[in-house]
Amino acid sequence: MSDRSGEAPDPAYHGSDPVSPRAHEDPADSPMPTAANLHQYGDYSVQAYHYAVHLNGDYVQTLPIDSHDPEYQASEDGRFIEPREPNRLPDAAKILEAHGVVVLCAPAGNGRRTAAVRLLRCAAVQREAELFDLEPEWAKPTTHCLPVRSATGYVLDLTDLPDEPPARFGQDLVRHGAALHGRGSFLVVLATPGDWQGSWAEATGDVTVRLESPSARRLVEAELDAHGHADRVTWLADEKLSPIWEADPSAGEACRLAGLLGAIEGREQLKEAVDRFGDWHTTVEKLLNKRGAVNGGPSLLSTRVTVWAGALLDGGRRGSVVRASDDLLALLGQVRGPADVLTDATSSGRLEAAEIERVGDRVHHDRSRQGLPAAILRHLWDEFPTQHDLLMRWAVGVAANRSVPEDDARLASEALLHLAVRRHDRAVLDALATGLTGPRRILAVEALTKAATDAELGRYVRNRLLNWAESNTAEKVDLVVDVCGGPWGLEQPGLALTRLGKAAGGKDFGAQKLVDAFQELARHAPGLVSKTVVQWLRKHGAEADGKAHRQALGSFLALVSSDTGTDLVLTAARDATSREHFVHAWQTGLSTNDAVDAVLDQLTRWQERFEHDADQRDTVITLLAEVFAPPRLRLRLDRLLVADEAVVRPFWRDILGHAVHHYNVVRKASEA
């Protein structure tokens, strides 16, 4: 049993909206499609899955749960392990059958999702139901966007709620369950005790079950057997594992232990696996509690900060580690004037006391203890919880410090990302996003790109990107554009488009960064991008003003300002309806003061590209003639029509002539 979240297009969403594929890898590593498997979907063309790419409003995406899903596999007969409390899951099954909804309230990582899939499969066995994860994108939790299909099972993970739900949300959830029940469908909600409380949660009391993890030992046995290591089940009786069975860790930790036991070469490495499972706790404690200031050696504090700096920058340059340790001493209020530095232990002595090895100009913690640096940082966060703010300022400051070489700074940002993922620590991710700016923004982009596909933190990161896209902070908006125009955007173009569209409302019209991001998505998912922008213009292009209107207009200008986007628009303009939306968008831009320059710059590039293009010149002239047909817009042609020395450009002269003719034809037709 384990927990995870992922993302996919919505096969159940209402309406004829843009489409996007989902390909299955190992969902435990990444639920997203990659370059290796996207070919099966072609150009993001129509497959089995559809979902809307929205600019505003609440909506939900559905992610198929099938035999590729690790929790689906873990829920199979013969492998599934019941929770420790034997009556809880049967109670949940009765509630689900009676009400159509059940809330499994338990900490993340205790096997909630595997239990949810098991419940849905048992409830739906007679109905041949499809199963889906729900991933909503909403301002506040609501049930109005949750799908209601017949013979369908849904899992809705409400861990890490961004805001407290409305007071009626609990009641609405119970009513939604009743509506599902009437159609032979079911919903399992996943929640944590810390989130699922308050007056709104009290309304779900009759459908809420507190769930415990299964027995750790039984789960490890099942996982070893499932992964072809049945011969290692006898190892579980070894006394080295006895403390673990006494502690009876959570399902997530039990699965991690099974993975460690399956990865070692033989039983002689069992102690190492147990030490790794215990995060090298004994080793770390010894490192941090050496007797200090003996025979000119470093003080206890100096040794500790060197241990921590070495963990943050493991594999980095010796000078970077020393600088990072001095930075932490300074943050802790230790005076570090020249005399203090020169009378302290030498850098070599500090590194030796911290048991950090030198390899050329690089330094490492004991490389024979795999995962030790990450374990040291987790120990630091676990043992000193009141100092998290200071520690984050220090660690992010090391990565942001331009005097630290970028490759060393990347080591720090990656170490913090791993810390955030393992601890499910959102604050660390936020600190990376806001603390790494300017030339070091690339490190934040890399960290968020990786985190956006993480099974535990991915949903939180994607929600943060959505919120930042509509923020008034230029740095955050730029960060969203960089992430969405990069590898994550290419893996999840539908989600990236939603965020890019919102970000367009906070960027100058025609901003090059936005143009580049739309161009990247257009290259990899042209059909989706084209249909999405047309959809936005159809829904919001006719509005007089407003946030969504500006976002739609900004997205169109960003798309059409690159050669790739231009080709998409010209192809889509063959359809009369799409053509009408494009023409109106150009006209709106020419009538919007802060968009005029961007539109004219874009049209100038079109002139340079198409005025001598024998194949497309006439098509472009005919299209732009419709744009400039209204007499009130022809004044905008002045800047385009006349070149230096009052020479009239033939390209725009022809467009003006066609525009006048088009206007007269339309007027006569309307008068007839």
Side-chain angles (χ1 to χ4, degrees), residues 240-241 243-244 247 249 252-253 255-266 268-292 298 300-318 320-322 324-325 328 347-385 387-388 391-392 394-395 398-399 407-425 428 447 450:
K240 298 181 185 68
L241 291 164
I244 297 175
E253 287 297 284
C255 288
R256 185 169 73 88
L257 176 59
L260 292 172
L261 295 178
I264 60 178
E265 294 181 2
E268 66 278 3
Q269 295 179 332
L270 187 58
K271 183 180 184 305
E272 179 183 345
V274 171
D275 286 341
R276 285 188 62 192
F277 178 73
D279 257 1
W280 302 105
H281 184 80
T282 302
T283 300
V284 176
E285 283 287 330
K286 288 180 179 178
L287 279 175
L288 296 177
N289 290 294
K290 288 188 172 183
R291 186 179 178 187
L300 177 65
L301 180 60
S302 181
T303 298
R304 285 188 172 187
V305 299
T306 305
V307 169
W308 295 327
L312 182 68
L313 293 167
D314 189 64
R317 291 172 178 81
R318 174 177 179 269
S320 296
V321 172
V322 173
S325 62
L328 182 51
S347 297
S348 296
R350 292 166 63 185
L351 293 171
E352 182 179 355
E355 297 186 20
I356 293 176
E357 305 168 353
R358 291 185 59 179
V359 181
D361 191 38
R362 303 280 175 170
V363 292
H364 301 264
H365 275 290
D366 188 348
R367 286 178 289 176
S368 69
R369 292 182 165 95
Q370 189 175 359
L372 177 60
I376 291 171
L377 290 181
R378 288 193 291 271
H379 181 279
L380 173 59
W381 251 253
D382 289 340
E383 296 296 329
F384 302 98
Q387 303 303 311
H388 283 180
L391 293 171
M392 279 192 293
W394 164 66
V398 170
D407 56 342
D408 286 352
R410 181 172 285 104
L411 292 173
S413 65
E414 290 180 349
L416 287 172
L417 173 61
H418 294 151
L419 178 70
V421 169
R422 180 68 180 274
R423 289 178 50 84
H424 201 113
D425 195 326
V428 174
K450 292 178 181 177

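The structure displayed is predicted, hence computed values, not measured ones.
- Legend: residues meeting ring pair (Phe, Tyr, Trp, His ring centres under 6.0 Å) with W280, ordered by chain and number and at least two apart, are absent.
- A side-chain donor-acceptor contact under 3.5 Å links W394 to the backbone of A324.
- Once rounded to the nearest 0.5 Å, the distance linking CG of L288 with OG1 of T283 reads 11.0 Å.
- Take D314 and apply the side-chain contact (heavy atoms from CB on, under 4.5 Å) test, not counting sequence neighbours, and it matches H364, H365, P373.
- The side-chain hydrogen bond (donor to acceptor under 3.5 Å, both in side chains) search around T282 returns none, not counting sequence neighbours.
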Please output the side-chain donor-acceptor pairs of residues 354-363 that fall under 3.5 Å, not counting sequence neighbours, one pair per line with the distance.
from : atom 1 : to   : atom 2 : distance (Å)
E355 : OE2    : K290 : NZ     : 2.9
R362 : NH1    : G315 : O      : 3.4
R362 : NH1    : D408 : OD1    : 3.0
R362 : NH2    : D407 : OD2    : 3.1

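- Every residue two or more places apart in sequence or in another chain that forms a side-chain contact (heavy atoms from CB on, under 4.5 Å) with L391 is listed here: L380, W381, Q387.
- Once rounded to the nearest 0.5 Å, the distance linking CZ of R423 with CG of D382 reads 5.0 Å.
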inquiry  = Could you go through L419 and D425, starting from their C-alpha distance and side-chain angles, then the distance that decides it, and tell me whether this counts as side-chain contact (heavy atoms from CB on, under 4.5 Å)?
reply    = CA-CA 8 Å; L419 178 70; D425 195 326; 5.9 Å; no
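- Residues meeting the ring pair (Phe, Tyr, Trp, His ring centres under 6.0 Å) test with H379, sequence neighbours left out: H281.
- For A395, the side-chain contact (heavy atoms from CB on, under 4.5 Å) partners are L312, L416, not counting sequence neighbours.
- Counting only heavy atoms from C-beta outward, the side chains of R304 and N289 approach each other to under 4.5 Å.
- With sequence neighbours excluded, no residue forms a side-chain hydrogen bond (donor to acceptor under 3.5 Å, both in side chains) with K286.
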task = Test L260 against I264 for side-chain contact (heavy atoms from CB on, under 4.5 Å), laying out the working first.
result = CA-CA 7 Å; L260 292 172; I264 60 178; 5.8 Å; no
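- For the pair V307/I376, a side-chain contact is recorded, criterion being any heavy-atom separation below 4.5 Å from C-beta on.
- Taking the side-chain hydrogen bond (donor to acceptor under 3.5 Å, both in side chains) definition, one finds that S413 meets it with nothing, sequence neighbours left out.
- To the nearest 0.5 angstrom, L287 atom CG is 9.0 Å from D366 atom CG.
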task = Could you walk me through whether V322 and R350 pass the side-chain contact (heavy atoms from CB on, under 4.5 Å) test, one step at a time?
result = CA-CA 9 Å; V322 173; R350 292 166 63 185; 4.3 Å; yes
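- Sorted by first then second residue, the salt bridge (charged side-chain N to carboxylate O under 4.0 Å, His left out) pairs that include residues 370-380, not counting sequence neighbours, are D279-R378.
- Partners of A353 under the side-chain contact (heavy atoms from CB on, under 4.5 Å) rule, at least two apart in sequence or in another chain, are P298, T303.
- In E272, the CD atom is crowded: over 12 heavy atoms of neighbouring residues, nucleotides or ligands sit closer than 6.0 Å.
- With sequence neighbours excluded, the residues that form a salt bridge (charged side-chain N to carboxylate O under 4.0 Å, His left out) with E414 are K450.
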inquiry  = side-chain contact (heavy atoms from CB on, under 4.5 Å) for L270 and L261? Distances and angles first, verdict last.
reply    = CA-CA 7 Å; L270 187 58; L261 295 178; 3.4 Å; yes
